[in-house]
Novice: 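I have a structure I would like to understand better, so I am pasting it below and will then ask my questions one at a time.
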Number of protein chains: 2
Amino acid sequence: MSVKPLKFVKLRHAHHQETAQDYVEMIQDLLKEEGEARVTEIAKRFGVSAVTTHKIILRLQKEKLVDSKPYRALFLTPKGKKMAIQSKKRHNVVYRFLKKLGVPEKTAQIDAEGIEHHVSPKTLRIFQKFMEQG
Amino acid sequence: MSVKPLKFVKLRHAHHQETAQDYVEMIQDLLKEEGEARVTEIAKRFGVSAVTTHKIILRLQKEKLVDSKPYRALFLTPKGKKMAIQSKKRHNVVYRFLKKLGVPEKTAQIDAEGIEHHVSPKTLRIFQKFMEQG
DNA sequence: GTCTTGATTTAGCCAAGGCTAAATTGATAC
DNA sequence: GTATCAATTTAGCCTTGGCTAAATCAAGAC
Ligand SMILES: [Mn+2]
Ligand SMILES: [Mn+2]
Ligand SMILES: [Mn+2]
Ligand SMILES: [Mn+2]
């Protein structure tokens with residue numbers, strides 16, 4: 001049998017996207033819920049220090065996903081907004097799919113937070129169809 | 001609504017386990033398929049350099065999952081064997097579950113490689129039941 | 001206008017996983 | 001037995017995402 005590193009290469013790529021996806025989703029949530037997105041609140045919700053959040057925000061700014069001036073609140077760029085919308089949608093499909101299957105609410109929340117980043121477009125469509133019918 | 005960092009804390013914990021799980025699984029495969037597990041072959045299959053694999057093996061030895069002498073082949077400790085068996089079983093349930101749902105073989109392989117590490121015992125049992133019946 | 005304080009940022013540390021280049025070694029060929 | 005060569009290991013670099021301690025700043029209180 002031949003060797004297939006492809007799936008591991010894709011796995012590493014997915015990992016590299018996870019933080020960005022969770023952060024833009026969180027910023028979008030805060031903008032909606034609280035009116036503004038601040039480092040301290042993001043850090044509290046992720047359960048990390050404000051310093052960790054700050055450093056990740058710097059990276060997301062370099063990647064043109066987040067926009068802000070020093071000591072000020074955070075905003076999503078158009079690119080960041082787009083990623084947030086897509087990520088949230090996928091997250092929600094995975095979450096509802098798990099619940100439809102019979103996974104308890106709390107467990108579905110926890111598992112969806114990890115699974116979402118590894119569901120390909122093909123699999124996502126199948127999850128969606130399952131919910132509409134099943 | 002209250003703030004719930006729990007799912008993110010668990011996500012980070014899952015990530016910390018991923019590499020170990022994939023490596024012990026791979027070593028087990030090689031012991032079975034090839035008779036021995038070598039750094040070079042592991043690196044080839046993961047699609048990383050032999051140096052990267054070597055460093056990860058050093059960590060797994062410190063964690064008492066892997067056993068070997070310098071320049072020699074690798075073995076699993078009892079602890080490593082146990083993890084390999086459990087990981088392989090979970091991986092397989094996730095993979096077969098996706099195929100049963102209608103996900104194409106190749107996609108199921110790729111997605112399962114990432115999803116497996118985020119499926120809790122409760123969700124795994126539900127996946128299993130779905131296959132037996134559905 | 002100044003003071004105070006909480007939020008933000010900077011400095012500096014760590015571990016995990018990536019890499020290339022170079023040194024070492026085990027095993028095979030001769 | 002020695003020479004060779006492929007595999008392994010070491011050295012040294014990078015990025016991401018963790019942390020604490022200390023510095024800086026914005027905004028509200030007075
Ligand atoms: Mn999400
Ligand atoms: Mn997530
Ligand atoms: Mn696996
Ligand atoms: Mn895996």
Side-chain angles (χ1 to χ4, degrees), chain A residues 3 5-27 30 34-75 113-114 117, chain B residues 3 5-27 30 34-75 113-114 117:
Chain A
V3 174
L6 173 68
K7 64 177 173 176
F8 295 108
V9 174
K10 292 210 175 180
L11 179 61
R12 289 193 296 274
H13 184 253
H15 279 156
H16 189 253
Q17 305 268 108
E18 285 195 28
T19 307
Q21 288 167 4
D22 285 342
Y23 267 74
V24 295
E25 246 191 279
M26 182 69 85
I27 291 169
L30 287 172
E34 311 276 321
E36 65 172 12
R38 306 238 59 145
V39 166
T40 305
E41 182 62 21
I42 294 170
K44 195 183 358 168
R45 294 192 180 204
F46 279 126
V48 299
S49 74
V51 176
T52 294
T53 290
H54 172 65
K55 275 209 329 194
I56 288 169
I57 293 296
L58 289 182
R59 170 167 85 75
L60 298 183
Q61 278 181 297
K62 242 185 289 168
E63 292 174 9
K64 298 271 186 278
L65 291 165
V66 170
D67 194 13
S68 95
K69 285 172 203 158
Y71 295 94
R72 292 278 154 55
L74 309 173
F75 301 93
E113 196 57 70
H117 309 283
Chain B
V3 175
L6 172 69
K7 63 177 174 177
F8 295 107
V9 174
K10 292 211 173 180
L11 180 61
R12 289 193 294 273
H13 184 254
H15 278 157
H16 190 252
Q17 304 266 107
E18 284 195 29
T19 306
Q21 287 167 3
D22 285 343
Y23 266 75
V24 296
E25 244 190 281
M26 182 67 87
I27 291 170
L30 286 172
E34 312 275 321
E36 65 172 14
R38 288 270 169 188
V39 167
T40 305
E41 182 63 21
I42 295 169
K44 196 182 359 168
R45 294 191 181 205
F46 280 126
V48 299
S49 75
V51 176
T52 294
T53 291
H54 173 64
K55 274 210 330 196
I56 289 169
I57 294 296
L58 289 183
R59 170 167 84 79
L60 300 182
Q61 279 182 297
K62 244 186 287 169
E63 292 174 11
K64 298 272 186 276
L65 292 165
V66 169
D67 195 13
S68 94
K69 287 172 201 156
Y71 296 95
R72 292 278 154 52
L74 309 173
F75 302 93
E113 196 58 69
H117 310 284

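Labels below follow one simple rule: chain letters A, B, ... track the order of the sequence lines, proteins then strands, and each chain is numbered from 1. Since the structure is predicted, the reported quantities are computational estimates derived from the model, not experimental observations.
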Novice: Tell me which nucleotide among C:dT9, D:dT16, C:dA16 gets nearest to the side chain of A:V39.
Specialist: C:dT9
Novice: Once you round it to whole Å, what is the distance between P of C:dC19 and NE2 of A:H16?
Specialist: 14 Å
Novice: Please determine if a side-chain N or O atom of B:R59 lies less than 4.0 Å away from the OP1 or OP2 oxygen of C:dG17.
Specialist: yes
Novice: Quick one: B:D22 CG to C:dG17 P, roughly how many Å, whole number?
Specialist: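 Rounded to whole Å, this separation is 10 Å.
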Novice: Is there a side-chain contact between A:I27 and A:L65 (heavy atoms, below 4.5 Å)?
Specialist: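 Not in contact.
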Novice: In whole Å, I'd like the distance from the CD atom of B:Q17 to the C1' atom of C:dA15.
Specialist: 15 Å
Novice: Are any non-hydrogen side-chain atoms of B:H117 and B:Q17 less than 4.5 angstrom apart?
Specialist: no
Novice: Starting at CD of A:E36 and ending at C1' of D:dA27, how long is that distance when rounded to a whole Å?
Specialist: 12 Å
Novice: Can you find a heavy atom in the side chain of A:L11 that is under 4.5 Å from one in the side chain of B:D22?
Specialist: yes
Novice: Tell me: CG of B:L58 to C1' of C:dA15, nearest whole Å?
Specialist: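 From B:L58 CG to C:dA15 C1': 14 Å.
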Novice: If each of B:A37 and A:R38 is mapped to the nucleotide of DNA chain D with the nearest heavy atom, which maps nearer the 5' terminus, i.e. the 5' end?
Specialist: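 Going by which nucleotide is closer to the 5' end, it is B:A37.
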Novice: Just the rounded figure in Å: distance from C1' of C:dT10 to CD1 of A:I57.
Specialist: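 In whole Å, C:dT10 C1' lies 16 Å from A:I57 CD1.
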Novice: Closest nucleotide of DNA chain C for B:E18 versus for A:H54: which of these residues is on the 5' side?
Specialist: A:H54
Novice: Whole Å only: how far is the CZ atom of B:F46 from the P atom of C:dA16?
Specialist: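 B:F46 atom CZ is separated from C:dA16 atom P by 17 Å.
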Novice: Can you build the contact string for nucleotides 18-26 of chain D? Use B for base contact, S for sugar-phosphate-only contact, and - for no protein heavy atom under 4.0 Å.
Specialist: BBBB--BSS
Novice: The criterion is salt bridge (charged side-chain N to carboxylate O under 4.0 Å, His left out); which residues satisfy it with B:E113, sequence neighbours excluded?
Specialist: A:K7
Novice: Taking B:E34 first and then B:K44, would you say they form a salt bridge - that is, a charged N and a carboxylate O separated by under 4.0 Å?
Specialist: no
Novice: Should B:M26 and A:F8 count as side-chain neighbours, where that means a heavy-atom distance under 4.5 Å?
Specialist: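 With C-beta onward as the side chain, the pair touches.
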Novice: Round to a whole Å and report the spacing from CD1 of B:I42 to C1' of D:dT9.
Specialist: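 Taking CD1 of B:I42 and C1' of D:dT9, I get 15 Å after rounding.
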Novice: Is the shortest side-chain heavy-atom distance between B:V66 and B:Y23 below 4.5 Å?
Specialist: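 No, too far: nothing below the 4.5 Å cut-off.
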